[in-house]
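Please read all numbers here as calculations on a predicted model, not as lab measurements.
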Amino acid sequence: MATILLQVAGAALGSLLGPVGSAIGAAAGAMAGYSIDQALINGTRRVDGPRLQGARPFTAEEGAALPRVYGTVRMGGTMIWATRFEEASSTSRQGKNGPRVTEYSYFASVVFALCEGEIAGVRRVWADGREIDKDLMELRVHRGGEAQDVDPLLSAKQGVDNTPAYRGTAYVVIERMALADYGNRIPQFQFEVIRTVGELPKMIRAVSLIPGATEYGLSPGLVTRQHRQGETEAVNRHVLHARSDLIASLDELQMLCPNLEHVSLVVAWFGDDLRAGHCKIRPAVTTANGSGFSQNWQVSGVSRGSAMLVSTHEGGAAYGGTPSDRSVMDAIAEIKARGLKVTLSPFVMMDIAAGNELPDPYGNDSQPAYPWRGRITCAPLMPESSDGTAEAREQVEDFCGAAMPGQFTAASNTIQFSGSSGDWGYRRFVLHHARLAQAAGGVDAFLLGSELRGLTTLRDEENAFPFVEALCALAGQVRTMLGPSTTITYGADWSEYFGHHPQDGSDEVWFHLDPLWAHEAIDAVGIDNYMPLSDWRDADYAGGNPDGFAGPCDPAGLRESIAGGEGFDWYYPTFEARRSRERSAISDGTAGKPWVFRYKDLRNWWSQPHTTGSAARNWTSRRLGFRRASRSSSPKSAAARSTRRPTSQMCFLIRNRPRAGCPIFPGVAGATSRRRASLPRIIAIGFPRAPVSSRRTIPCRASTASGWSIPGDCMSGPGTHGRSRLSRFAPTNGRTAPTGTTVTG
């Protein structure tokens, strides 16, 4: 109507200008009238979007077989229950004066039977072949135990008395799933089902969470980085079945290990020199550009722009960076919220790149690339050693620094340090983490460090061990900071825990860590237990094994080798001797105490009195029965021949150290090289902690150590981490004594 009226009015007004004006006026009036008509008509019009006339019928297979699953399997389920489609509508106006449009969406709840129970859990879910973000759907997993409860949704829909619990059957409930992306139908689902086999997963009580070199990898919350407008990347989420990588790892860990109690959280800082007097231990990052991160990186009050950069290797970062203080605190809180105990393990990684020109304390032209932290020592160590001089103590003091507990204060996202900005000594490293643990609400256990045998064995001019003294002092300060409920220890290398046998011709034996193990702040003897359990070669399949092993994974032979075989009964003095299997018996001459040199003889080391040095009157302060023995690290590798050389690298093939941690004689290509081996579950002898009333100090007046032999951890053996230690031995008066030097290979 408005179109006609305004067209006539426009023509009338335009006629005053003649015929042409009349035509223009009519056209303008018609256009104005059309706009008015459309606004009036559309403002009252309603449009309905696509709507299902009826729910599509469900199909389920009657009498379908129920699978039995072992390990990890991707499988489809059998629908056993579903609701009618739930319809939801929403109405909105299209434009300012447009019509009202009603759109319909549909939801369904459905139950799928998976397999016989009991399973560990469901990790991933696919719909029509596309993995679903589990954070965007409501999914409940019933693992199929014989005591599982009725699902609350089924109970609400059908009534408690009419709902089966499906005991013995693992099933999943998907509640109110949106169907728009699947053509308003229930898609074809698949599930990744995990079921553990055997009793071993149920026996695992503690694990180490690695890697410790990851700037945001320990954060349970999502951390993102915006590269440019509209392009955002998740930094610590690379899966769709959890909100972050840490949450995914912990979820799966608790699925696979239902009796898990303890998680060791490893946090890495980086050393930059094998010379103790020059080495700084600092937090590091992979990039100095911090723009776009949703969470700022801060460690010990240091921001990303002023932090150390890790070296590069083959075009990329040689390591991940140090976890931010905020991520470590959040990780501790997350682990504790799951009912698990936490060990905080500060960890030193050595960031010394290939082609460096740093003087090597071991006498080489330069320091080896990315070495083991256990090689930090005084300089020079060879050919003329500073060990046993006042200079060794000075270098250790430089390495430790001067940080004190009162210089650390907690801020919102970091721990501030008020000491010297150039003090990057070991004391700052340890005390920072103790304060970090305190700020996170405490931890159940704390490590003062691990495998620093190149430092713990250093002596000053009075044959005192300055780094052991430093560890004792740190133990007391950490105890004051964390309180009496926290277990404190040091993770000694397997070749370090039981004593120091200097290969300088002195024939002396030093139980150098006894003052630490006996310290009132230390709760346990910590041993990184990577002792060899087999001496298997591929040729043994045809010719027989000298130790009677039926194969590389012979359980009986491995069990007997816990306190026998290499490191207990015999040793290889050189790599050439190892190659030809020319074994030498471990003997101490006439003293009758071979346990002093048997690093596997934990029982005698624990129960026998200790003398130290070359004089019987030098007693140690070790108190028998006062400490329990614990394993701060144990090998669980799956590489061929791993029981022959289960090093602390756990046979990880590190890119910048391609041979680090690999077993000796790892097998040839073919079926035998693919055989997997892992250590038996009994890999150390445990000792009960004596009650307070029975603790006592035992004076030790045993015979001297003079003339006892040193079994030697030579020839690229377990625990040497890819670095050969070659020693030469010669008989002396019917006894075996070291006469050679140590070289690196």
Side-chain angles (χ1 to χ4, degrees), residues 120-121 123 194 196 200-221 236-237 239 241-269 320 322-347 349 430 433-434 436-451 478 482-483 485-491 523-524 526-529 628 630-637 648 650 652 678-679 681 683-684 686:
R123 180 164 49 195
I194 302 175
T196 58
L200 179 60
K202 299 177 183 178
M203 299 172 64
I204 295 176
R205 297 289 189 271
V207 299
S208 290
L209 186 63
I210 53 176
T214 168
E215 294 173 19
Y216 297 108
L218 298 183
S219 177
N236 66 332
R237 190 193 190 206
V239 297
H241 53 276
R243 68 178 184 270
S244 70
D245 295 335
L246 177 74
I247 298 300
S249 298
L250 292 175
D251 286 346
E252 185 172 346
L253 183 62
Q254 290 188 291
M255 279 195 293
L256 296 174
C257 306
N259 297 318
L260 184 71
E261 299 173 358
H262 213 123
V263 174
S264 178
L265 195 63
V266 177
V267 181
W269 284 24
T322 297
S324 68
D325 284 346
R326 179 74 266 164
S327 70
V328 176
M329 290 188 280
D330 290 345
I332 292 172
E334 174 66 28
I335 295 170
K336 292 170 67 175
R338 293 168 175 259
L340 301 173
K341 297 179 180 179
V342 182
T343 292
L344 185 57
S345 179
F347 195 88
M349 289 183 170
V430 173
H433 287 93
L436 191 64
Q438 189 180 29
V443 293
D444 299 278
F446 186 90
L447 258 66
L448 300 173
S450 62
E451 300 179 8
V478 171
L482 298 182
S485 62
T486 299
T487 297
I488 299 174
T489 189
Y490 165 76
D523 297 288
I527 303 173
D528 286 5
N529 193 334
R628 64 181 181 273
S630 66
R631 288 161 287 161
S632 50
S633 182
S634 298
K636 269 296 176 185
S637 52
S648 62
M650 292 190 285
F652 295 158
S678 61
L679 296 187
R681 56 181 177 266
I683 63 173

S.K.: Looking at every heavy atom in both Ser450 and Tyr490, which two are closest together, and how far apart are they?
M.R.: N-CE1, 3.7 Å

S.K.: Distance check, rounded to the nearest 0.5 Å: Arg338 atom CZ versus Leu250 atom CG?
M.R.: 4.5 Å

S.K.: Where do Gly442 and Lys336 come nearest, in terms of heavy atoms and distance?
M.R.: O-NZ, 3.0 Å

S.K.: Taking atom OG of Ser327 and atom CD of Glu215, what is their separation to the nearest 0.5 Å?
M.R.: 9.5 Å

S.K.: Apply side chain to side chain contact (heavy atoms under 4.5 Å, CB included) to the pair Phe446 and Thr343, showing each step before the final yes or no.
M.R.: CA-CA 5 Å; Phe446 186 90; Thr343 292; over 6 Å; no

S.K.: Given side chains that start at C-beta, do those of Val207 and Leu260 come closer than 4.5 Å, heavy atoms only?
M.R.: yes

S.K.: Please determine whether side chain to side chain contact (heavy atoms under 4.5 Å, CB included) holds for the pair Ile488 and Leu447, giving the CA-CA distance in whole Å, both sets of side-chain angles, and the decisive distance to 0.1 Å.
M.R.: CA-CA 6 Å; Ile488 299 174; Leu447 258 66; over 6 Å; no

S.K.: Which atom names give the shortest non-hydrogen contact between Gly212 and Pro323, and what distance separates them?
M.R.: O-CD, 3.1 Å

S.K.: At their closest point, which heavy atom of Ala437 faces which heavy atom of Leu482, and how far apart are they?
M.R.: CB-CD2, 4.0 Å

S.K.: Please list, chain by chain and in numerical order, all residues satisfying side chain to side chain contact (heavy atoms under 4.5 Å, CB included) with Thr196, sequence neighbours excluded.
M.R.: Ala120, Pro201, Leu256

S.K.: How many angstroms lie between OG1 in Thr214 and CG in Asp245, if you round to the nearest 0.5 Å?
M.R.: 8.0 Å

S.K.: What do the steps show when you test Leu344 against Val267 for side chain to side chain contact (heavy atoms under 4.5 Å, CB included), and what is the final call?
M.R.: CA-CA 8 Å; Leu344 185 57; Val267 181; 3.9 Å; yes

S.K.: How close do Val443 and Val342 get, counting heavy atoms only, and between which atoms?
M.R.: CB-O, 3.6 Å

S.K.: Using only atom types and a distance under 3.5 Å, with no angle test, would you say the side chain of Asn236 pairs donor to acceptor with the backbone of Leu218?
M.R.: no

S.K.: Supply the atom-to-atom distance His262 NE2 to Ser208 OG, rounded to the nearest 0.5 angstrom.
M.R.: 9.5 Å

S.K.: Closest heavy-atom contact between Gly121 and Met255?
M.R.: CA-SD, 3.3 Å

S.K.: Taking Ala242's backbone N and O only, do any of them form a donor-acceptor pair with Arg237's side chain (distance below 3.5 Å, no angle check)?
M.R.: yes

S.K.: Tell me, please, which residues at least two apart from Phe347 pass ring-ring contact (aromatic ring centres under 6.0 Å, His included).
M.R.: none

S.K.: Indicate yes or no: does Asp251 engage Arg243 in a salt bridge with an N to O separation below 4.0 Å.
M.R.: no

S.K.: Could you tell me if the side chain of Asn259 sits less than 4.5 Å from the side chain of Ile204, heavy atoms only?
M.R.: no

S.K.: Are any of the side-chain nitrogens in Glu261 or Arg205 under 4.0 Å away from the carboxylate oxygens of its partner?
M.R.: yes

S.K.: How many angstroms lie between atom CG of Asp444 and atom CD1 of Ile332, to the nearest 0.5 angstrom?
M.R.: 10.0 Å

S.K.: To the nearest 0.5 angstrom, please state how far the CD1 atom of Ile335 sits from the CG atom of Asp330.
M.R.: 11.0 Å

